[in-house]
2 protein chains.
Amino acid sequence: MKLQQLRYIVEIVNQNFNITEAAEVLYTSQPGVSKQVRLLESELGINIFERNGKHIKGLTPTGAQIISIARELLLKTQGIRAVAEEETHPNKGSLRIATTNTQARYVLPSIIEKFKAQYPEVNLHLHQGSPNQIYDALMLGEVDIAITTEAQYLFESAVLLPCYLWNRSVIVKPDHPLAKQNQKLTVEELGKYNLITYTFGFTGRSDLDHAFNKVGILPNIVFTATDADVIKTYVRLGLGVGIMASMAYTKDDVDLVAIDASHLFQSSMTQIAFRRGMFLRNYMYDFINYFSPHLTKMRVEEAEQLRDNSAILRLFEKITLEEK
Amino acid sequence: MKLQQLRYIVEIVNQNFNITEAAEVLYTSQPGVSKQVRLLESELGINIFERNGKHIKGLTPTGAQIISIARELLLKTQGIRAVAEEETHPNKGSLRIATTNTQARYVLPSIIEKFKAQYPEVNLHLHQGSPNQIYDALMLGEVDIAITTEAQYLFESAVLLPCYLWNRSVIVKPDHPLAKQNQKLTVEELGKYNLITYTFGFTGRSDLDHAFNKVGILPNIVFTATDADVIKTYVRLGLGVGIMASMAYTKDDVDLVAIDASHLFQSSMTQIAFRRGMFLRNYMYDFINYFSPHLTKMRVEEAEQLRDNSAILRLFEKITLEEK
DNA sequence: AACGATTACGAATGCCGTAATAATC
DNA sequence: GATTATTACGGCATTCGTAATCGTT
């Protein structure tokens, strides 16, 4: 069994069982990959891949288990390299982040600017996707860090650190009735209008639905989007009232009015995640710390020792209380 | 980076930083090992080993981290092989168990007999040691399964399954006053005699101390041993009253009298442990099941999904309740 | 017919072992 | 002086790439 052979079989799976493409990605020849796969299979005495004559169709049940172990194993080789690089080039390397639109567009820019200034030699890769995609990218080792506000249950097998609470604002044009009234906004009132908000599974949408359910109102949601820019665009077209993360309302949005709605909906939590047992470069700790100042290296390490994410939540609730 | 190179550096650590011995254990030549180590170090650009001129003294801090990752990584290669062997030779392989004296001497024989009959082609290795040694052997991958009755806190990073509760008996010679009295035994009464029991850290000794502490009696423990045979020997010599696991009193002990003491001391729990994430061969599940009938493959798998051992305990408390 | 996997073969690399050397205890 | 690590070097195995072949879609 060779590390290369494991790299080969994992890459074949990644490339949808196409050895030719896998060979290209690996900068090697098709026959070489094919041969090493057969060698590994004969060494283990089993078929990893399900074949139809000469064509690979998929994984055998045993093969699927082996791929899963091989993936973890290859991640550990990256860990060894990272440990070594931390000593040889502590300020050099790459930081791969997966996140959703809201973070990428409104929260991360200033943090990345600061980070870039501190670590000019770290290559930053930012991948935007749905919570599910973010989770997959994290677990397949395609990114080092995930930032998410949704589907915390997905990340049970990762280390999930609470970053900050955020609230929603209602967005309307200045001539809209809601912009003129002085009374405090109610959920009932919002229910009267056409609403534009996030697509289900994005940016705290589940918390929002929950608030309407609780008062027994079926909201009239006419448009949904995965990002606030689209929401604002449709509000500007007069198609409805927008509900989005307050941080997505910026000083450039002079043609829109934001009405605080933090009293209507439960606060949502933005969280940062990484794979359990992963070696974190020092600059990664720093990035996490820039993103969320209470997440010092010491506290992150302490949190990782805890067995599940609810214990991590309790830890930080305690820390917040003590600081007050 | 090659798997062999990782095997080499780990084995050098195992052999106390002696490359010559490591080479012997690996059935290869000293220069070959030495060269591969230098190659790996130069590939990573760091020193794994602390050197004094040409002699290896120990690990660098970075090296220590790398060894730790390399160990986990090599365990995963064993996992891949195990998955393959499960398909090629489901009834063939090895089962390495670490346990304490009491289990090895009084509990396991009948189970091993049954297991051997079922799986004649599985090589059994039984290692006896202190709870600490058992834990180390398990975590270093030297054994597949650990059976323990002590120091559960040590096994937090493993999967720890509750097997059965057991109690203690007081062992005396037939002419001893305790053998003749008909009243129920009390802790106070026991405190009057010289006692012989387990060494601290073995076979539920901590539970025993706890019982004396609770009633504020300082027991007069004159001999301690790691196994019941030694305890019985000293009782036979008339040196004191023995307190040991009831299961260690067998039909061969006709010259001794056992007095049930389950009402005096809290029951102790025997537990079975394996590394989290380890691939268990089917015969291993069967062994666990023979050892503890309520631990079916399904329940063991379910328990492993849980995040910590207290959750596993709760799961089995629930199962026990439902069965009643 | 085109694409994709395997086989065949030659070149190059790399690993391993013996022998010799150097350094430490 | 004995033990232990490194260097040198030659043989062997393995891997990799190109070219050709075979099968599938």
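Note on naming: letters A, B, ... go to the chains in the order of the sequence lines (proteins, then strands), and numbering restarts at 1 for each one.
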> Please state how far atom CD in A/Glu24 lies from atom P in C/dA5, giving the value in whole angstrom units.
11 Å
> I need the CG-P distance between B/Leu26 and C/dC15, as an integer number of Å.
16 Å
> For B/Arg81, give me all partners under salt bridge (charged side-chain N to carboxylate O under 4.0 Å, His left out), at least two apart in sequence or on another chain.
A/Glu43
> Would you give a per-nucleotide map of nucleotides 8-14 of chain C, 5' to 3', where B means the base has a protein non-hydrogen atom under 4.0 Å away, S means only the sugar-phosphate does, and - means neither?
-------
> Decide, yes or no, whether a salt bridge links B/Glu86 with B/Arg281 under the criterion of side-chain N to carboxylate O below 4.0 Å.
yes
> For B/Gln4 and C/dC16, is the shortest distance between a side-chain N/O and OP1 or OP2 below 4.0 Å?
yes
> Just jot down the salt bridge (charged side-chain N to carboxylate O under 4.0 Å, His left out) partners of A/Lys76, sequence neighbours excluded, or say none.
B/Glu72
> Between B/Asn16 (CG) and D/dA5 (C1'), how many Å, whole number?
17 Å
> What does the list of N/O pairs under 3.5 Å between the protein and nucleotides 22-25 of chain D look like, with a distance for each?
none

> Between D/dC16, C/dG17, D/dT15, spot the one nearest the side chain of A/Leu39, thanks.
D/dT15
> What residues, two or more places apart in sequence or in another chain, satisfy salt bridge (charged side-chain N to carboxylate O under 4.0 Å, His left out) together with B/Glu41?
B/Arg38, B/Arg51
> Quickly work out the B/Ile12 CD1 to D/dT4 P distance and round it to whole Å.
14 Å
> Not counting sequence neighbours, which residues clear salt bridge (charged side-chain N to carboxylate O under 4.0 Å, His left out) with A/Glu156? List them please.
B/Arg307
